[in-house]
Amino acid sequence: MPVGPPWERELFPYIRQSWLVVTLAALLVHTCFSLEVTVGKNPQIKARNGTDIYLPCTFTTCIGFEDVTFRWEYTFNVSAPPEILYLGKLKNKKSLPKALDVPNRNYRHDRLTLVPSNQTKDYNLTLLLRDVEFDDAGRYTCIVKNMKEKGNESNATVFLTVVDKFEVVDNTLTLIIVGVVGGVIGLLILILIIKKTISFIIKKNRDKKSISSTI
């Protein structure tokens with residue numbers, strides 16, 4: 001409790017509540033305004049050599065966006081310098097993304113296509129990578145910058161693994177174990193039922209004998 005004139009002590013609770021409201025409002029505003037980029041629930045993607053694969057990326061923001069710039073970068077590992085795969089800009093949600101010139105184009109760029117947005121609250125910047133090769137394995141990072149949020153930038157990364165063929169999981173052993181366990185459980189239940197039935201019959205016979213001897 002502050003020490004001071006009576007009027008100051010009376011105003012102190014209201015001042016404290018006001019500061020609390022301001023703090024909570026600031027936290028809500030920060031959370032709402034934050035630009036968020038996501039690549040889905042599972043950032044680990046496995047593709048078979050020679051197939052097409054989607055590299056997912058969506059972004060969303062509470063206050064909308066204007067003059068967004070975005071890019072996709074590829075790196076084989078963290079220490080390697082990033083390779084720019086795609087550059088684009090987006091005026092607003094009503095406009096379509098516009099591709100920009102990418103320096104140092106190579107064989108990978110010609111196999112990339114930006115997927116049209118589905119016009120939901122999450123704007124889609126997903127890439128389609130056609131005819132995947134083993135050299136395509138690595139880290140794909142989607143980076144978005146929103147000028148409406150004073151240049152706030154966010155990113156998310158997809159990890160791509162390329163295999164010759166998908167391994168077929170042999171579930172024979174699992175099925176055998178499940179079958180054996182199920183059989184054992186069924187046998188135990190059958191034994192329990194038989195035991196209960198025999199106990200019931202024996203008890204019933206005893207009751208009959210008791211009634212007969214009483215008579």
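Since the structure is predicted, the reported quantities are computational estimates derived from the model, not experimental observations. Reckoned from all heavy atoms, side chains included, excluding hydrogens, waters and symmetry mates.
Considering all non-hydrogen atoms of both residues, P97 and F70 come closest at CB-CZ, 4.0 Å. Shown here for L160 and A47, the closest heavy-atom pair between the two residues is CD1-CB, 4.0 Å. The shortest heavy-atom contact between Y107 and E133 is CE1-OE1, 3.7 Å.
F159 is linked by a side-chain contact (heavy atoms from CB on, under 4.5 Å) to P43, Q44, R139, T157, counting only residues two or more places apart in sequence or in another chain. Scored by the side-chain contact (heavy atoms from CB on, under 4.5 Å) test, L187 finds I191 as partners (sequence neighbours excluded).
Note on V132: it clusters hydrophobically with L127, by side-chain heavy-atom contacts below 4.5 Å among ILVMFWY residues. Following chains of ILVMFWY side-chain contacts shorter than 4.5 Å, one can reach Y86 starting from I45, so the two form part of one hydrophobic cluster. Cluster annotation: I84 is not connected to L125 through the hydrophobic network of ILVMFWY side chains, with a link wherever side-chain heavy atoms come within less than 4.5 Å. Under a hydrophobic-cluster definition in which Ile, Leu, Val, Met, Phe, Trp and Tyr are linked whenever side-chain heavy atoms come within less than 4.5 Å, directly or via other members, V144 and L114 are assigned to the same cluster. In the hydrophobic cluster analysis, where Ile, Leu, Val, Met, Phe, Trp and Tyr join through side-chain heavy atoms closer than 4.5 angstrom, V102 is grouped together with L100.
Atom CG of residue L192 and atom CD1 of residue I189 lie 8.0 Å apart, to the nearest 0.5 angstrom. From L85, atom CG reaches atom CZ of R105 across 10.0 Å, with rounding to the nearest 0.5 Å. Annotation: the span from R108 atom CZ to D131 atom CG amounts to 12.5 Å, rounded to 0.5 Å. A distance of 8.0 Å separates CG in L96 from CG in L90, rounded to the nearest 0.5 Å. For the atom pair CG of D135 and CG of N49, the computed distance is 9.5 Å after rounding to the nearest 0.5 Å. A distance of 8.0 Å separates CG of N152 from OG1 of T61, quoted to the nearest 0.5 Å.
Remark: side-chain polar atoms of W72 are not paired, donor with acceptor, to backbone N or O of T126 under 3.5 angstrom. A donor-acceptor contact shorter than 3.5 Å is absent between the side chain of H109 and the backbone of P103. A side-chain donor-acceptor contact under 3.5 Å links N146 to the backbone of E66. Within the 3.5 Å criterion, the main-chain N or O of L35 finds a donor-acceptor partner in the side chain of E149. T75 places no side-chain N or O within 3.5 Å of a backbone atom of A80 that could act as its donor or acceptor partner. A donor-acceptor pair under 3.5 Å is formed between the side chain of R130 and the backbone N or O of D110. Between the D136 side chain and the L129 main chain, no donor and acceptor come within less than 3.5 Å of each other.
Applying the salt bridge (charged side-chain N to carboxylate O under 4.0 Å, His left out) test to residues at least two apart or on different chains, none of the pairs has a partner in residues 173-189.
When each of K91, K145, K148 is paired with D67, the side chain to side chain donor-acceptor pair (under 3.5 Å) condition holds for K91 and for no other.
For F134, the CZ atom sits in a packed shell: over 12 heavy atoms of surrounding residues, nucleotides or ligands are nearer than 6.0 Å. Heavy atoms of other residues, nucleotides or ligands lying less than 6.0 angstrom from CG of N106 number more than 12.
Under the 30°/60° scheme for interplanar angles, the aromatic rings of F65 and Y123 are found to stand perpendicular.
Residues P82 and T141 form no side-chain contact, since every pair of their non-hydrogen atoms from C-beta on lies 4.5 Å or further apart.
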